[in-house]
Structure formats: C-alpha cells, structure tokens
There are 2 protein chains.
Amino acid sequence: MTTNGRDPADCGGGGDEAGDNGAAAFEASLVADGATFDARDAALLRAVAAAGSVSGAAAELGRSRARALSRLETLEAAFGDLVQRRRGGADGGGSRLTADARALLARFDRLTAALSGTAGAAESVFEGRVADREGELAVVDADAGSVRALAVGDPEPAAGDPVQVSVGADAVTLHDPAETPPADATSARNRFTGVATAVERGDAVVRVDVDVGAGGPLRALVTVDSADRLGLAAGSDVVASFKATATRVTAVDAGGRRE
Amino acid sequence: MTTNGRDPADCGGGGDEAGDNGAAAFEASLVADGATFDARDAALLRAVAAAGSVSGAAAELGRSRARALSRLETLEAAFGDLVQRRRGGADGGGSRLTADARALLARFDRLTAALSGTAGAAESVFEGRVADREGELAVVDADAGSVRALAVGDPEPAAGDPVQVSVGADAVTLHDPAETPPADATSARNRFTGVATAVERGDAVVRVDVDVGAGGPLRALVTVDSADRLGLAAGSDVVASFKATATRVTAVDAGGRRE
DNA sequence: GTTCGTTGTGTCCATGCCGATACAACGACG
DNA sequence: CGTCGTTGTATCGGCATGGACACAACGAAC
C-alpha cells in the first residue's frame, strides 16, 4: 500500500530532510510455516466470500481458477483451513470462508491499518548522540534535551554513536502547561515545553507543530475536541510528551553493514 | 522484514484470536516517480558505501554488476543522484554515496524501524459498534466503554457497523490513579480504569496487561523506570490511556468489498 | 437421468526479473 | 606507455510466477 506521506487524518509529508525523497509505503503480510499471506491473498479470500465460490472469485479478480485453488492449498497448509469447498454445480457447489479465515482477514486488516498509520504519520526526528544504554533503552542527547528512546534492531547503537530518534505525530501527547502531571505519575517520560507554531485544523484532527528548541518542530496529531479543550492556537504554550516505547533509534552511519 | 510478533522490547504474540495465524511482517519502501526504493536497494547503497565501488558492492552481494548499475540509474531518475561514479581503475575509479543517498537511507531506516515497531507491538483489540462518526473520528461502543478512534481507509465504517479498534501496546500510557490529570488537560482522550493483571519485566521495558472490564486485556509497554515510579505490580490499580490518533478502526465484515 | 456450474488435477505457455558474460572506455599510478 | 580495476553498455539464458486451457468428478435441483 502506498501513502502520500499524508494519512487522511495526518499532516503532510514524510521526512524532514531537504529534497523530495518519496512517499513511505509498505506491503503487509502474515507469515507462518514458510507461507506468506499478503494483500493479494486477502483480496482472494474477500472475493471468495463475496462470490460464494473460488470459481466466481477468480473470474471476478481476473485470475486463474487453477492458481487460486493451488494458492489456497498452500495457505491452508500453513494457516489451517480457510475455505470450506464443496463440489457440485448449480446450487450444489461453492465455497465459504471458515472462522479462521475471517480471523486471519481481520488481523491482516488491522495490521494493514496500523502500518498505514505508521507509514503515513508525520515523523519528528531528533538528532543526537547516545549518552547511555540500558538494555533496549537509549538516552540520547539531542538539541531539545535528553530523549529516552528504544534502540532495537541491528545494528544497535552504542554510547557515543550519532543517531536519529524518530517519533510519529500520532504518538505525541499535548498537555496544558498549568496542569501537566508530575513526572512520577505517568509512564510518558519524554516531555518538552514549547510553543505551538502551526495549528492546522482538519475535519476531526488537528496537526500541531511545537517548537521545542530543536532544529525542526515536534509534530503532534490531536483530535479537534482535544485541541479545543486545550485552547490550542498558534503561539500557545504547551507541553508535549511521548513514551520512550513509541520511539525508535536508528544509526546514521550510512556505511554501516546491515545483515 | 519479518518479526515474530515479538519486538525485542515487546511482549509475545500478535493478535488476540485463538489459533496460530502467523507473525506480522512487512516490506518497507519509498516511492517516487514510479520507482520503488526497497530493502534490496538499501542493501546495494550500503554495500557501495562500504566497498567504494559498484563493482565491489555487486560482488559482495552476489549480484550482477550490470543490473546493479541499471538499478541505480532507475532509482536516480526518480530520487535524484545517489551515487557519484568515476571511471578508471586502481585508485582512479570508484563510487561514493551522495548526501541525498545518505538522507534516503536514513529515512528508509527510520521507516523500517517504525514499521517494525508497529508490526511487532502487541495489539489490543476492542470489539464494538460505531456509535458516532465525526469526520475521520469514530466513537465506538465497546465492552470496556466508549472508545474514540481513527477510522480512515477504505471502507469507512458508518454508524451502527461492527468494528474492531486496534491500539499497539507502545501507544498505551499508564497513570497513577491518584494523580491522573483531568480530562481537559491532555489530548489523550481514551482512558480506562483497571487492574494490572500481568507485569512482565524485561531488560529495559515492562509488559503490562490491564484488565479494563473487556474480554481481553489492554496491553501496555512501559520502561522499567516508569514502572518503578508507578509502583507497578500485579494487582495494582492503574489508569490506562491512549490517544484516539494512535488507534485504528477496521470493519469486521470479511465479505465487504475492498477496492 | 439430465442439467448446471462448481471443484480437483494436470499441463502448456508467456512474461518479467536477474545473473552471467563480453567488450569498450576510462583514469590514477608507476 | 602499460597496468589495474573501475564504469558503461549490450546481450543471452535460466528461473519463477501466473494465466490459460482441458478433462474428470461432483452434487443439488428439476
């Protein structure tokens, strides 16, 4: 699935870098026992459900019935029975989805929706160096201050390494500065005081850029209702917070070997 | 990239449904002008940076040098100059990455890390019906109460439709019940009072299941530090919250046509 | 028993992608 | 000028994937 860097509910554009380096996209899949269930398979299952037969589904999709049946067999070897098939014509034959198939489709839809949200979310990028490592957690010294972030994956940055910390706008929570809870009372450990510089209202969501003293703005996505309750406008003082678990650290050394 | 439903920093397993329906996976890519930059392209650029030449990079990767050069030309037509090449041998020839290439790689790495986090995060699924729509926002009546969630994508559920609301554990914030901020003071609008039923400590993160009165637990991922500050243990009363913008709504009618 | 339209199985063919190979040109170095 | 190892360009062959087609078997409905 391709997004244009703009989830319908999100603000424009992917990365922060100068120049146009394309829209974020992904292909979602579920993998089991060497078989990969992808969007094409999901379309086949949906068509089977709608048409009531593999034959009708293949025709609807412009696909080979023989290949469709073969593909179903491969998927069923890995994921269990997906399509209950009965031979016979007129009203005697046909196919219907099993409960497992519906569950698989629902899970695939949720995965796709979640990945679409992630790919389409405006990201904020903190650049800095790793000051400390605690297991998967890294403390990164950035221009805006210290950022606690998850450093998982390969290669794992070590202390001193230059890194980028990325957080999606949908993971950033905004607070009224006068009523921000004490640090002990919540698990959202990264918090920055700043000024809202851009407040862009959509149908149901508001895109906010918060100047937190770093090179680029920290971007947040909040509902219209939340923005109203916070009295958000350009120039408003706000406190922006996000959980360390909602961030990701990546090394910036392009030459590093990734296996 | 395939995950086993278990981000190194996250708790076990993907969906909530019974039965094993595989690990969430994805292929990340960046798309511009009809060209798609994917993991294989990223590997090529990294190898070029490491080897200092397209020739050496192709050999290192077991790939055709002719194809590699052709692929670079295709990518450069869409993304701009990526590799500065100079003919000549011994010390006269070779290739190096441009600044645009490094920026592209960094963005691809952040996208991959973010998608990996999403794919690997333990999800909580609320099942219910759409009570109200406000643009991209849906209010869903679920067992645990009313949930405000983003309903983007196709098809968009309408009022009355049965849906699932999915939220990743990395987006769920836990609060001390005694010090939870008033609803007006924060943009995290979904909040549920519950009891921590499972607290599983990892190196740097803690996986918490919170019983909020729905069928399944609401899962949260917090840092060890945050868990300590909250005094988290099985049996603790907590307040769990997440932003509407961090959720996604999907229709559950498997037969629905998706175009 | 016949009809209808399905499933099940097997085979053939086309297409796209990628690795391999070859030749020419280049340019720093000795 | 020769060497070395790179880039640039062109072509060939193999492999995997997927559509097409054919035939047999099936089973509800009439």
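Chain A is the first sequence line, chain B the second, and so forth, proteins listed ahead of strands; every chain is numbered from 1. The figures that follow rest on heavy atoms only: side chains count, while hydrogens, waters and symmetry mates do not. Keep in mind that what you see is a predicted model, and the values were worked out from it rather than measured.
- To the nearest angstrom, P of C/dG16 lies 16 Å from CZ of B/Arg71.
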For nucleotides 28-30 of chain C, give me every protein contact, N/O to N/O, under 3.5 Å, one pair per line with atom names.
none

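- In this model, the phosphate group of C/dG19 is not approached by any side-chain N or O of B/Ser64 to a distance below 4.0 Å at OP1 or OP2.
- C/dT7 atom C1' lies 16 Å from atom CZ of A/Arg67, rounded to whole Å.
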Tabulated below should be each protein N or O lying under 3.5 Å from an N or O of nucleotides 22-25 of chain D; please produce it.
none

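- Rounded to whole Å, atom P of D/dA28 lies 18 Å from atom CZ of A/Arg85.
- Side-chain atoms of B/Thr98 come within 3.5 Å of backbone N or O of B/Leu82 as a donor-acceptor pair.
- In this entry the distance linking CZ of B/Arg63 with C1' of C/dT21 reads 18 Å, nearest Å.
- Applying the side-chain hydrogen bond (donor to acceptor under 3.5 Å, both in side chains) test to A/Ser166 and every residue at least two apart in sequence or in another chain returns A/Glu123.
- Applying the ring-ring contact (aromatic ring centres under 6.0 Å, His included) rule to pairs touching residues 82-109 of chain B yields B/Phe37-B/Phe108, sequence neighbours excluded.
- Between A/Gly62 and B/Ser70, the one whose closest nucleotide on DNA chain D sits nearer the 5' end is B/Ser70.
- In this structure, CD of A/Gln84 is placed 17 Å from P of C/dT6, rounded to the nearest angstrom.
- Rounded to a whole Å, the CD atom of A/Glu73 is 10 Å from the P atom of C/dG10.
- Rounding to the nearest 0.5 angstrom, the gap separating the NZ atom in A/Lys243 from the CG atom in B/Leu221 is 6.5 Å.
- Sorted by first and then second residue, the side chain to side chain donor-acceptor pair (under 3.5 Å) pairs with a member in residues 75-90 of chain A read A/Glu76-A/Arg85; sequence neighbours excluded.
- Checking the phosphate oxygens (OP1, OP2) of D/dT7, a side-chain nitrogen or oxygen of B/Ser95 falls inside 4.0 Å.
- Distance CZ (B/Arg40) to C1' (C/dG16): 14 Å, rounded to an integer number of Å.
- Every salt bridge (charged side-chain N to carboxylate O under 4.0 Å, His left out) that A/Arg133 has, sequence neighbours left out, goes to A/Glu156.
- Applying the side-chain hydrogen bond (donor to acceptor under 3.5 Å, both in side chains) rule to B/Arg63 yields no partners; only residues at least two apart in sequence or on another chain are considered.
- Listed by chain and residue number, nothing satisfies the side-chain hydrogen bond (donor to acceptor under 3.5 Å, both in side chains) test with B/Glu73 (two or more places apart in sequence, or in another chain).
- Atom CG in B/Leu44 sits about 12 Å away from atom P in C/dC18, given to the nearest Å.
- Under the rule for a side-chain contact (heavy atoms from CB on, under 4.5 Å), the partners of A/Asp141 that lie at least two apart in sequence or sit in another chain are A/Ala131, A/Ser146.
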